[in-house]
Amino acid sequence: MRRAAGEESGVRSGVELRGLTKRFGSVAAVDGVSLSVAGGELLAVVGPSGCGKTTLLRLVAGLEQPDAGSVLIDGRDVTAMPPERRDVGFVFQQFALFPNMTVAGNVEYGLKRKGASRKERARRVEEMLDMVGLAELAHRRPDQLSAGQQQRVALARALAPRPKTLLLDEPLSALDAAIRVRLRDELREAQRRLGITTILVTHDQEEALAVADRVAVMNGGRLEQVGTPWELYDRPRTPFVAGFIGRGNFLDARVAGSAIDFGPFGRLEKASVPGAAALPEGPVQALVRPEAVLLDPAEHDEAGLTASAVVEDVIFGGERSLVKLLVDGRTWTAAVFGGATQEVLARRGRPVTVRVPFAALRWMPPASGTSPRS
Amino acid sequence: MKPGAGRAWAGEHGRRQRLAVLLLLPAAALLGAVFYLPVGIALVQGFRDGGASLSLARFVSLVTDPYILRLVRFTAWQAFLSALLSVAIGVPLGYLLANRSFPGKRLVSSLVMVPFVMPAITVALGFLVMYGTNGWFNEALQAVFGFKAQVLHTLWAIVLAHAFYNGPLVARMTQGAWERLDPALEESARTLGASPLAVLRDVTLPAVAPGVVSGAVLAFIYCFMSFPIVLSLGGARYSTLEVEVFTLMRVLLDYETAAALAAIQAGVSLLFAYVFLRLEGRAPSPFASFRARRPRPLAAKPGDLWLWLLIALLLVFFGGPLMSIVFDSVRDPRGGFTLAAYGRVGSSGRDFHLGAPPLAAIQNSLRFAAVAAAIALAAGAAFVYAVVRFLKRRLPLLETLSLAPIAVSSVALAYGLSVAFRGPLEIVPQELRIPLTHAVLAFPFVVRALRPVLEGVDGRLVEAARTLGAGRWRAFFDVELPMALTGLVVAFALSFGLSMSETTATLMLARPEQVTMPVSVYRFLAARDFAGASAMAVVLMIVTGGVFIIAEALAGWVRRRHGGTIDA
């Protein structure tokens, strides 16, 4: 394929997707996605099932061919390249270990295909199995391993040929909760140490927030937002992202002339609400994170909206507990920390005053998508 | 959109299409030339109306003829009874194979399909010797109950022999369905408060039933098409459509009526083949995380008594006719035992009654079977690969086309071939004609044996290999081929056995010097040398059984070495 002359010279490491589209019949599984992943970065792609995130990963690997758009790896257009020449490591959801080979045979396979010498292969297999702590299981067959061990073999196999890019398709979803967290941290540690560009696909936002440098949220084949975990949490651009990343309360309001009607939180002049000047006429919506909902605020607390509520339930969570509040018939979630938990536990079924500081209001654009949790 | 991407995709798509077509080519050539063409030649005769014009008049007169209607009714009735008895034998046997372990199970498992590939003449011979008026079955009845039963030349003889053939078939399919049932389902029903009987009713039977019903429908089709068994065991009183086709073609030389009748018969059996495929398509597939069941040993306690009785009964039913042949082959008419009959089987001299020497028949059979199995396997494997990997959506149509050789009268096929080999197929070397015919008849079985095996190879394994740097071919050799090897071995053995036993078409097509073992059995019988016929049948059984035992051992070895997947 011909490339513009300048494209090669500005070699950038990492993965770049340009206007990638893949249709299955009339459904666009991936719909015009452009995205770049810097060299050494771990990007997590999250979204509900069926949002196209796995298809996106398969397009990067060359396991699917796009209907439009291109894939660049380290500045080179690989769109027309078959998967075996793209230099990617892929970890499949159910691991896809070759049942006809031993653990060592699985890890060795990619090295063989690369034409590594027998000595080099043996050394590398040992190194990789040491890394994942499975050296003593080298001659077992995959069906004799636990799910966690299989996952480690799958990772060792993908990394053995020193790929430029590591692609992980729900690598932890087949595992128990306890081992999932441990392997998640191991995975992150290995990725940092090797400095390998990585794309992790997961439906678990917590997993994504915990390990990723940046997170891309997908919905219906399109990118909703890409940013650091904190950006997505603090400044979600759409109600979908707001609902998918972290917990949140949606505050419905209505702008009428110079006033804003906040329902149970009362009616205020537009000018008295910071950041509300640009709001359009009609219904508007703001996101309020649970930790911004203050219970029984003291006089000196920052200015905000105030309403009365009833404590419905408290979900104890150690260092942070969640309080379910009933505000004018709607359930709100507030977070309380440390010692405040004990106090609120004693107040189930009792009235309480809640305040939302103006600074914590995150105005949503006029609703185009819907929140997955509403 | 970057223009290059669209082209690349179109290129990949085109490549897959071309490869699929290329893979279908051998099967298309084989079936087209050696099946569809001759069958077409034979069946079109049924539409000839005196001169060159075509009409349906013959069909109309046939389907309103009370004799033909009675024939159709009887053919269906005996097939129904045979399928019923096959289920009665096959389901308990399938249960045993899937759920229990017992001494000699491996051997039983290797040999269970042997009856299915036995030449009809051998089975008929075994039945004659066992159930004849002076056979040991009647001797035993006489000794214990004081009477003899007329089995031969009754409907019972036909049904028993058909069950002898098709019981193992039903057993295999029942076993397969049972082994695909995740034991966790039965266990969870127990934890939900279901009694063992309720589990059987609510979980086990619904899961196993599709396999049993498919097996029964397949057995019905085979029995509906059955010919040599009815001819040799039914006597003059019983005739089926296929026997009638044979009589019309070979005795009365009324090709037109025979062709019309064969067309009607093909229509009915294709209908059942369609039902069979539909039923099979509905069978649920197991979950990905699927636990294999662990067979429980058969115990020497009252609860398992019925199973021991069942094994004894099966031994008599399947072993009886076979042992009868063995016994007959070494019995000296003057008393005592002799191996003289084997001497005649091993002779290489020409004989006035037998024609070509019997030893040549053994050599011919082995050579034909090896070539036929190789052809059927090559064409069948390429066909299955193309269908499973590239043409999934066209599966129902392609599979029906590939199964047609089961549903069409082999008498009509052989007749069509004998015409075609004198006409458009004249260029086919004499030496290849019989193997090609056998390959066509084995083709549906190769497809059936290989499809589940290849479907069992997870496509993600190929993808995993590709992300690790293997090209498409490399991934095929490293992943798919080793995992399908077991199935290939089993399919080869099945084709080999089917070729060894094929009689109808061989009798009608072979040149005098191209005698095969089943044909030689006929010759011995025609020469009134019953011991010789039995000895030849024994050699045939040993060779066929040996092939299956070797195949099973080889498959087991491959499994241990490569951790292969599914047992076909």
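Proteins come first, then strands; the chains are lettered A, B, ... in the order of their sequence lines, and each starts at number 1.
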In terms of heavy-atom proximity below 4.5 Å to chain B, should A:Arg58 be classed as side chain, backbone, both, or neither?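 Interface part for A:Arg58: side chain.
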
What part of A:Phe92 gets within 4.5 angstrom of chain B, counting heavy atoms only: side chain, backbone, both, or neither? side chain

Which residue out of A:Pro83, A:Ala96, A:Gly110 racks up the most heavy-atom pairs below 4.5 Å with chain B? A:Pro83

A:Met128 vs A:Leu134, side-chain contact (heavy atoms from CB on, under 4.5 Å): CA-CA, chis, key distance, verdict: CA-CA 9 Å; A:Met128 294 316 292; A:Leu134 291 178; over 6 Å; no

Do [X] and [Y] meet the criterion of a side-chain donor-acceptor pair at a distance under 3.5 Å?
X: B:Arg172; Y: B:Gln175; result: yes
X: A:Glu84; Y: B:Thr467; result: no
X: A:Thr21; Y: A:Asp67; result: no

Measure the acute angle between the ring planes of B:Trp473 and B:Phe476, then classify it against the limits of 30° and 60° as parallel, tilted or perpendicular. perpendicular

Taking only heavy atoms into account, what residues of residues 158-168 of chain A are found under 4.5 Å from chain B?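 So far as heavy atoms go, A:Ala158, A:Pro161 are the residues that approach chain B to under 4.5 Å.
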
For A:Phe95, is the NZ or CZ atom of A:Arg157 found under 6.0 angstrom from the centre of its six-membered ring and inside 45 degrees of the ring axis? no

With sequence neighbours excluded, tell me which residues meet salt bridge (Lys or Arg N to Asp or Glu O under 4.0 Å) with B:Arg106.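 Checked B:Arg106 against salt bridge (Lys or Arg N to Asp or Glu O under 4.0 Å); zero matches.
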
